[in-house]
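Residues: numbered from 1 along the sequence shown.
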Amino acid sequence: MLQNPATKYRAFPAIDLPDRQWPSRTITAPPVWMSTDLRDGNQSLFEPMNLERKLRMFRSVCQIGFKEIEVGFPSASQTDFDFVRKLVDDKLIPQDVTIEVLTQAREHLIRRTFESVAGARRVIMHVYNATAPLFRDVVFNMSKAEVVQLAVESVTLIKELAQAHPQTEWVLQYSPELFTSTELEFAKEVCDAVTAVWGATPDNKVILNLPATVEVATPNIYADQVEWMHRNVARRDSVIISLHPHNDRGTAVAAAELGIMAGADRVEGCLFGNGERTGNVDIVTLALNLYTQGVNPGLDFSDINAVARTVEHCNQLPIHPRHPYVGDLVFTAFSGSHQDAIKKGFSALDKNGLWNVPYLPIDPADVGRTYDSIIRVNSQSGKGGVAYLMEAEFGVVMPRRLQVEFSGEVQAYTDTHGGEMTAQAIWDLFASTYLDTTVPLHYVEHNLTDHPHNTSGQGIRLVVEAAGVRHVLKGHGNGPIDAAVQALQTLGVRVQVRNFEERSTKASEEAGEAQACAFMELATVGGDKLERFGVGLDTNIVTASIKALVSGVNRLGVGVQAPAAALAA
């Protein structure tokens, strides 16, 4: 039994704001978005991102449309320092993007942070110190006056260093850490002191970030705190009020939405809610919530699968299949009554009118998802049974998204032929669908070369047949799969590898054989985006991978254009 909570925990007191305005407001425009995936998100990972994953994440959030990106905590980590320097020195920051760097309110850390961004076009210098009573009394043993003094001295130093580097446009951001646990009058006192010493004006605004560093109350309390600051902080026309909600109570998205209604201008968060403890606010969910209310969020999630695969790769964390808008199963109905309602909704839908389909708050096509798994659905037991038989009888453990895709093939087969499919019949359908595809391409053989033409990477000589004609293709990439993708472009085949997994079949392990099964998720490039899985089976993992690539190309139905200069074997 749980202990009596009344003897151990105290309820957070209500805010004295009887004339609060936020409950009657709606959100009509998006906030300024700031991605902290590379800072707050990265420092929460079991294994922090390496350079390759950092660069991929940075490019991804730029492509999505973030104009402010917190790229690291350079004074706390040599890895972060070097990454920030690479962005600046290699001129990797788009002209319309501003990088943000975090520092504690300590002189040597502030100076180190300035070194990390020297030469950048525009920088948000984000400084913070703890203001809450628990941290003042227990962690740092500081008085209120000492807390204010620390903030003022730190901002004074930042102002001096900024004036010494006029080639960069500097923006100050200040966070009273644990704002939600800080007395409002004192939070205002510190923030007012900071904006005064900086000399905030309407043309030189200070970002006042009000973090729910730890979520300690219901979202309406956070909204009251934000509205109080919005109405009482000095120099409001010279301040940008920013939110940084964490998700300790599981209500970060709601807190952010109410905080925007309460007067906030800006939101910091991570893609899909990654972050310390239970995470930061999920910007994807927050942005698409706006989208479903007719508000353009200003961020591009029209290919949500590509964003998800990038985030899973960079964070080395899976996205839950029921995650709002992006989970692999959020647009799939396993209930017969749900499917019936969805089908009727599609039949009655006015394609020129407002979206109005039962159980689907958003059109899946708007985020790059197909209708296949919605219109052609299996019961949970049916899908699970297919996956179980494939693993138990043939040792093939399919990725979850392939399970969903193949279950549609099984249902189509049973709709046509009726009756119950045996395990062997399921395997035969799997083989004919994925392993034995030969149109338009049939894999013949390949040879790999390392460092072709004295360059880095991998070269490939790939032999395929198309319409009875054998072609010898050559490609060069950062690995055998990339090289094979480049080689296939010779035939006009342009595809993107979304995800790749390789597993030994359990049957081969038990038999003492090294039989590898490769699963490759491909998407077409340009035009209508199609996504299909390809599967390859071979004793050699590279061969299995290339077979999976050819299998996926065949399943996508990509047209092959035999070039005049193609080499015939």
Side-chain angles (χ1 to χ4, degrees), residues 305 309 312 318-322 327-334 339 370 372-438 443 481 497-522 530-556:
N305 287 353
R309 301 295 84 80
E312 286 182 324
I319 294 173
H320 195 281
R322 298 295 182 186
D328 293 329
L329 299 179
V330 295
F331 297 122
T332 300
F334 293 113
Q339 181 178 357
T370 68
D372 295 348
S373 61
I374 301 168
I375 300 171
R376 309 290 302 182
V377 297
N378 267 341
S379 68
Q380 180 65 36
S381 60
K383 167 179 162 290
V386 170
Y388 172 79
L389 288 173
M390 287 291 293
E391 178 177 352
E393 299 293 329
F394 306 103
V396 175
V397 182
M398 295 185 291
R400 184 175 63 245
R401 288 186 294 280
L402 178 56
Q403 292 177 27
V404 174
E405 181 181 293
F406 183 50
S407 68
E409 299 289 335
V410 172
Q411 185 178 17
Y413 183 91
T414 56
D415 285 349
T416 302
H417 296 83
E420 182 177 348
M421 292 187 72
T422 64
Q424 186 60 50
I426 291 174
W427 172 258
D428 291 342
L429 179 61
F430 182 82
S432 63
T433 303
Y434 297 99
L435 302 177
D436 301 330
T437 61
T438 58
Y443 167 82
I481 296 174
V497 177
R498 285 286 175 81
N499 196 40
F500 171 74
E501 294 183 40
E502 175 271 325
R503 300 169 183 169
S504 297
T505 63
K506 291 188 176 181
S508 68
E509 290 176 344
E510 293 168 0
E513 302 171 359
Q515 187 82 340
C517 195
F519 307 95
M520 193 173 297
E521 191 175 15
L522 299 179
L530 298 176
E531 295 177 333
R532 294 290 185 273
F533 268 90
V535 183
L537 196 62
D538 199 270
T539 55
N540 181 281
I541 179 52
V542 175
T543 302
S545 304
I546 296 173
K547 286 182 176 180
L549 173 63
V550 174
S551 165
V553 168
N554 289 339
R555 297 204 67 250
L556 283 170

Could you tell me whether Arg498 and Glu531 have a side-chain N and a carboxylate O separated by less than 4.0 Å? yes
Please verify the inter-ring angle class for Phe430 with Tyr434; under 30° counts as parallel, over 60° as perpendicular, anything in between as tilted. tilted
Any donor-acceptor N/O pair, Gln403 side chain to Met398 backbone, under 3.5 Å: yes
What closest approach, in Å, do Cys517 and Val535 show between heavy atoms, and which atom pair accounts for it? SG-CG1, 3.7 Å
Test side-chain contact (heavy atoms from CB on, under 4.5 Å) on Tyr443 and Thr438 and set out the steps. CA-CA 8 Å; Tyr443 167 82; Thr438 58; over 6 Å; no
Short side-chain to backbone donor-acceptor contact, Thr543 and Thr539, under 3.5 Å: no
Mind checking whether Arg400 and Pro321 have side chains closer than 4.5 Å, heavy atoms only? yes
Are Arg503 and Phe519 packed together at the side-chain level, in the sense that at least one heavy-atom pair is separated by less than 4.5 angstrom? yes
Which atom pair, heavy atoms only, marks the closest approach of Ala516 to Glu502? CB-OE2, 3.8 Å
Once you round to the nearest 0.5 Å, how far does CD of Gln515 lie from CG of Asn540? 10.5 Å
Between atom CG of Asn499 and atom CD of Glu312, what is the distance when rounded to the nearest 0.5 Å? 7.0 Å
Scanning both residues in full, the closest heavy-atom pair of Gly534 with Ser551 reads CA-OG, 3.4 Å
Side-chain touch Leu329/Arg322, heavy atoms, less than 4.5 angstrom: yes
Under 4.5 Å between any side-chain heavy atoms of Trp427 and Met390, yes or no? yes
Check whether any side-chain heavy atom of Met520 lies under 4.5 Å from a side-chain heavy atom of Phe533, and answer yes or no. no
Decide yes or no for Phe394 and Thr505: does some side-chain heavy atom of the first lie under 4.5 Å from some side-chain heavy atom of the second? no
Looking at Arg555 and Glu405, is any side-chain nitrogen of the basic one under 4.0 Å from a carboxylate oxygen of the acidic one? yes
Within this structure, what is the CD-CG distance for the pair Glu409 and Leu402, rounded to the nearest 0.5 Å? 10.0 Å
Atom OH of Tyr413: over 12 foreign heavy atoms under 6.0 Å: no
Are any of the side-chain heavy atoms of Val497 and Leu522 separated by less than 4.5 Å? yes
Could you work out, with side chain to side chain donor-acceptor pair (under 3.5 Å) as the rule, every residue matching Arg401, not counting sequence neighbours? Asp328, Glu521
Heavy atoms, side chains only, cut-off 4.5 Å: are Lys547 and Leu537 in contact? no
Heavy atoms of Leu429 and Val410 approach each other most closely as CD2-CA, 3.9 Å
